[in-house]
Each structure stands twice: as structure tokens, then as C-alpha cells.
Amino acid sequence: MELQQIKQFREIARTENISKAAETLGLTQATLSQNLKRLEDELGVQLFERVGKKLIINKAGEIMYRHCDEICTTIDTLTAELAEYKGEEKKAITIAFEDLTDHIPAILNRLSELLPEIQVRIASANDKEWDIKLFSSISKEGVQVRHWSFTEA
């Protein structure tokens, strides 16, 4: 299993849709479907129940998601700590919105996937800046829980 497979699986689990995940990851739907099939073959288990175009994560997928999320979080932390050790400051990007809408989490997810080395900050219309952290987990009921924490910078 490779890190790319882990990241791809995590996005598929997050969106429960191959097309949406492929768009977020910058891949074709066919490529992502093939990659998921290869991963399931390699693991010897199905990770999703397929209902039309929607994928519903099953128990094996929940276990996989929990570990993949931990792996990605650990890698992000490791990368940040090594950058700090080397004396490198994280590059920053500021996003300003007139109001906070439902689109912000999708934008932030895409930015963190494409530019993991970038520290994301949001500026509100009143010129306050916010540091953002994403917390993600699977609940006991198997529902993915994503929580964005906004703290004033």
C-alpha cells in the first residue's frame, strides 16, 4: 500500500463519490475507480457498498479510514516538525470572504490536498485573521465527522 492510495481512499471515503473525489484529487473517474479496485484487491476486502453512483463506507472501510486519517495527520505533523527543525517557516495563504459560506470547507480541503506545505488563514471582512485546524474522525455510527476550528490569529 502506498501513500497515494491512502490519500485517494481517504478522499473517496470523505465524499462517498468517485467523481467528486476524482475532481478534488485532479484525477479521472476511471483512474480513481481502478485505483480503488486495486486497493480493495490488495487488501482482500471491499471498503464500500456501491449504491448507484454513491459509495457507502462499510465496516472494513471505517477501519481503513480511521487508520488512513491517522497516517495522513501524522505525515502532516512530521512534515511541519521537520520544516520547523530545518528553520523553514511554513508558507501562508490568506483567503478573504465577505461571509463564511458552506463552500469554505471544500476549498480548504482542496487547498490542503494540493498545497500541504501552505498554512491556510482566513481573513474576515473586518480584517481579523483566523488560524484554521481540521479535525476528522469516524463516529461510532460510522459517520464521518469533520470539524473546522477557527481561532483568531
Side-chain angles (χ1 to χ4, degrees), residues 1-85 90-95 97 99-122 130-153:
M1 187 179 331
E2 296 178 10
L3 183 57
Q4 268 319 100
Q5 290 174 299
I6 290 170
K7 289 180 177 182
Q8 290 173 7
F9 166 79
R10 186 173 74 159
E11 187 61 23
I12 295 167
R14 190 185 71 73
T15 62
E16 295 184 328
N17 184 291
I18 293 279
S19 297
K20 287 179 185 176
E23 183 180 329
T24 300
L25 295 167
L27 299 170
T28 66
Q29 179 182 349
T31 297
L32 193 55
S33 292
Q34 290 170 356
N35 292 350
L36 175 59
K37 175 73 172 121
R38 271 195 291 269
L39 178 62
E40 289 177 325
D41 289 347
E42 181 181 331
L43 296 171
V45 295
Q46 266 193 283
L47 300 168
F48 298 94
E49 303 301 322
R50 281 121 172 117
V51 180
K53 289 189 174 190
K54 188 164 180 150
L55 299 175
I56 300 172
I57 196 165
N58 62 23
K59 185 65 177 171
E62 290 174 13
I63 293 167
M64 178 75 173
Y65 181 84
R66 186 177 72 247
H67 289 283
C68 287
D69 199 46
E70 289 173 9
I71 290 166
C72 290
T73 299
T74 300
I75 288 171
D76 291 345
T77 302
L78 170 63
T79 303
E81 286 181 24
L82 288 175
E84 185 178 326
Y85 170 77
K90 207 170 193 186
K91 298 173 185 164
I93 185 170
T94 300
I95 304 170
F97 290 92
D99 61 359
L100 297 178
T101 66
D102 291 337
H103 300 289
I104 291 175
I107 292 168
L108 294 176
N109 287 336
R110 183 70 173 141
L111 279 172
S112 64
E113 289 289 327
L114 292 173
L115 304 167
E117 73 281 3
I118 300 292
Q119 176 184 3
V120 179
R121 295 187 130 172
I122 289 184
W130 303 86
D131 286 321
I132 305 157
K133 290 185 181 174
L134 171 64
F135 301 93
S136 182
S137 62
I138 298 287
S139 72
K140 290 180 184 175
E141 297 80 26
V143 177
Q144 181 177 357
V145 178
R146 296 178 76 84
H147 169 74
W148 290 95
S149 169
F150 297 85
T151 54
E152 195 169 338

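In this text the structure is predicted, and so the values were computed from the model without any measurement. We number each residue from 1, following the sequence as shown.
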Ring pair (Phe, Tyr, Trp, His ring centres under 6.0 Å) contacts touching residues 16-42 (sequence neighbours left out): none
Can you pull the ring pair (Phe, Tyr, Trp, His ring centres under 6.0 Å) pairs that have at least one residue in residues 4-32, sequence neighbours excluded? F9-F48
Test side chain to side chain contact (heavy atoms under 4.5 Å, CB included) applied to [X] - qualifying residues, sequence neighbours left out:
{"X": "L27", "value": "Q8, L25, L32"}
{"X": "L43", "value": "M1, L39, V45, L47, M64"}
{"X": "T77", "value": "T73, E81"}

Heavy-atom pair with the smallest gap, counting every atom of Q29 and S19: OE1-OG, 3.1 Å
So which atom in E16 and which in I56 form the shortest heavy-atom distance, rounded to 0.1 Å? OE2-CA, 4.3 Å
Nearest 0.5 angstrom please: L36 CG to I18 CD1, how far? 5.0 Å
Checking salt bridge (Lys or Arg N to Asp or Glu O under 4.0 Å) for the pair E23/K20: CA distance, chi angles, key distance, verdict? CA-CA 5 Å; E23 183 180 329; K20 287 179 185 176; over 6 Å; no
Just grab all the salt bridge (Lys or Arg N to Asp or Glu O under 4.0 Å) pairs involving residues 41-51, residues at least two apart or on different chains. K37-D41, E40-R50
When you compare the side chain of R10 with that of D69, does any pair of heavy atoms fall below 4.5 Å? yes
